[in-house]
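Remarks on the structure that follows.
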Amino acid sequence: MVPNFENFWSECPWEEDLKYAKAVCNQADVPLEVVHLTNEYWNNVVSYLIEEYSSGRTPNPDVLCNTRIKFGAFLDAIGGMAFDYAASGHYANVIHPCTDWMDEPSVLELSQGMLKRLLFPLGCIPKDEVRRLATKFDLPNKDRKDSQGICFLGKIGFSEFVARHIGEREGIILEAETGDFLGKHRGFWFYTIGQHQVYGYLEVRHGPRFYDCSLQMEVEGDGQDHSAVVRISEDDQGLAAGQFAAFYEGITCIGSGVILEFWDGQSFPVCTKAVEIARMEDKSKIGNPVKIKVKPDNPQEVCDSAELASKRNKKF
């Protein structure tokens with residue numbers, strides 16, 4: 001995929017980030033050298049993000065940024081320089097195994113080879129204490145807000161980014177159990193599992209949760225263990241293909257992997273009517289959306305779902 005930075009790069013706050021980095025380094029009298037990894041970031045993170053969403057999966061760009069950029073392309077770029085370790089501001093600690101032959105991905109989806117060259121100085125310090133120390137030393141970024149969401153988007157909304165790069169394709173929303181026509185959408189990639197999107201009064205959102213689980217490795221045709229079947233102790237309808245599952249022993253992260261698919265052992269109840277409507281070539285024959293009762297604020301009020309969707313879509 002050819003980089004198309006004009007579609008979002010002008011909104012990325014990298015200049016503000018660099019300004020703070022320069023100010024902190026100047027105050028601490030530490031030399032600063034900038035390594036440009038724009039193309040690497042596009043090819044290894046942004047392109048993957050677009051491809052995954054267009055396929056109906058929910059990727060995690062933060063994990064890819066760690067593996068492929070911060071501790072991948074960056075370390076490769078400075079490989080010729082004389083340094084012993086690279087320090088990062090992640091709130092994490094590294095526990096190295098007693099043997100050197102292990103090279104499987106571990107915490108942050110990093111190999112042991114990567115982890116051996118990393119330092120996490122904030123790993124034992126609570127975030128509130130880090131803020132207090134920043135104020136004590138009067139650092140230029142002491143009052144800056146925590147980084148949240150997808151950093152390169154800047155002020156662009158995520159749905160706007162998806163629309164620019166994937167486009168829109170109108171479709172219909174049906175209730176699986178009844179086949180009722182609830183309204184229309186702009187493309188299924190705007191509503192993949194785990195996203196914080198609102199349609200009418202349906203909110204699709206999923207946060208981190210912890211479960212007891214069992215894990216069984218599956219041997220592929222080449223005799224290697226490339227995937228595993230994980231069974232969790234409770235039902236969770238928010239699991240999404242493309243997201244990462246992390247495995248802990250106590251508070252120690254012992255591994256992670258991409259969720260390839262998920263199921264609950266029971267087929268989702270999709271009625272015959274819903275299947276027939278979904279297969280219709282001429283969707284204009286469906287008619288108008290059904291009425292949706294608003295709750296819990298005013299159970300007596302009845303709103304048109306298409307009107308609600310139109311209002312909500314204006315915020316995307």
Kindly indicate whether the side chain of Tyr48, heavy atoms from C-beta on, has any atom under 4.5 Å from the side chain of Leu64. yes
Side-chain heavy atoms of Tyr53 within contact of Thr58, under 4.5 Å: yes
Hphob cluster co-occupancy, Phe71 + Tyr85, side-chain heavy atoms under 4.5 angstrom: no
Interatomic spacing from CD in Glu234 to CD1 in Ile232 - rounded to 0.5 Å: 7.5 Å
Taking the side chain as every heavy atom from C-beta outward, state whether Leu182 and Pro289 have any atom pair closer than 4.5 Å. no
Find the distance between CD1 (Ile50) and OG (Ser55) and round it off to the nearest 0.5 Å. 11.5 Å
I need the minimum non-hydrogen distance between Cys213 and Phe247, along with the two atoms involved. SG-CD2, 4.1 Å
Point-to-point distance, once rounded to the nearest 0.5 Å, from OG of Ser227 to CD of Gln216: 10.5 Å
Please report the interatomic distance NZ(Lys184) to CD1(Ile172), rounded to the nearest 0.5 Å. 9.0 Å
Residue set satisfying side chain to side chain donor-acceptor pair (under 3.5 Å) with Glu168, at least two apart, ordered chain then number -> Arg186
Who passes salt bridge (Lys or Arg N to Asp or Glu O under 4.0 Å) against Asp76, sequence neighbours left out? none
Residues that Arg231 engages under side chain to side chain donor-acceptor pair (under 3.5 Å), provided they are two or more places apart: none
Among the clusters formed by ILVMFWY side chains lying less than 4.5 Å apart, do Ile69 and Leu119 turn up in the same one? no
Should we count CG of Asp282 as having more than 12 external heavy atoms under 6.0 Å? yes
Tell me whether Leu122 is reachable from Leu133 by hopping between hydrophobic residues (I, L, V, M, F, W, Y) whose side-chain heavy atoms are closer than 4.5 Å. no
Name the residue from Val45, Asn39, Val46 that meets the side-chain contact (heavy atoms from CB on, under 4.5 Å) definition with Trp42. Val46
Quick one: does Glu177's side chain have a donor or acceptor within less than 3.5 Å of a partner on Cys271's backbone? no
Side chain to side chain contact (heavy atoms under 4.5 Å, CB included) for Leu215 and Val229? Distances and angles first, verdict last. CA-CA 6 Å; Leu215 184 149; Val229 175; over 6 Å; no
Transitively linked via ILVMFWY side-chain contacts under 4.5 Å: Phe137 with Val24? no
Euclidean distance, Lys70 NZ relative to Leu118 CG, rounded to 0.5 Å: 11.5 Å
State the CG-CD distance between Asn60 and Glu52, to the nearest 0.5 angstrom. 11.0 Å
Pair Glu129 + Arg132: basic N to acidic O under 4.0 Å: yes
Does this structure show an ion pair linking Asp17 with Arg144, if we count only N-O contacts that are shorter than 4.0 Å? yes
Under 4.5 Å between side-chain heavy atoms, hopping through other hydrophobics if needed: is there a path connecting Phe120 to Val130? no
Between Thr38 and His36, is there a side-chain donor-acceptor contact under 3.5 Å, judged purely by atom types and distance? no
Side chain Asn93, main chain Gly123, donor-acceptor under 3.5 Å: yes
Under the ring pair (Phe, Tyr, Trp, His ring centres under 6.0 Å) rule, collect the residues that match up with Tyr248, sequence neighbours excluded. Phe210
Using 4.0 Å as the upper bound for N to carboxylate O, is an ion pair formed by Arg164 and Glu160? yes
Listed by chain and number, what are the salt bridge (Lys or Arg N to Asp or Glu O under 4.0 Å) partners of Lys142, not counting sequence neighbours? Asp138
Who pairs with Asp180 by side chain to side chain donor-acceptor pair (under 3.5 Å), at least two apart in sequence or on another chain? Thr178
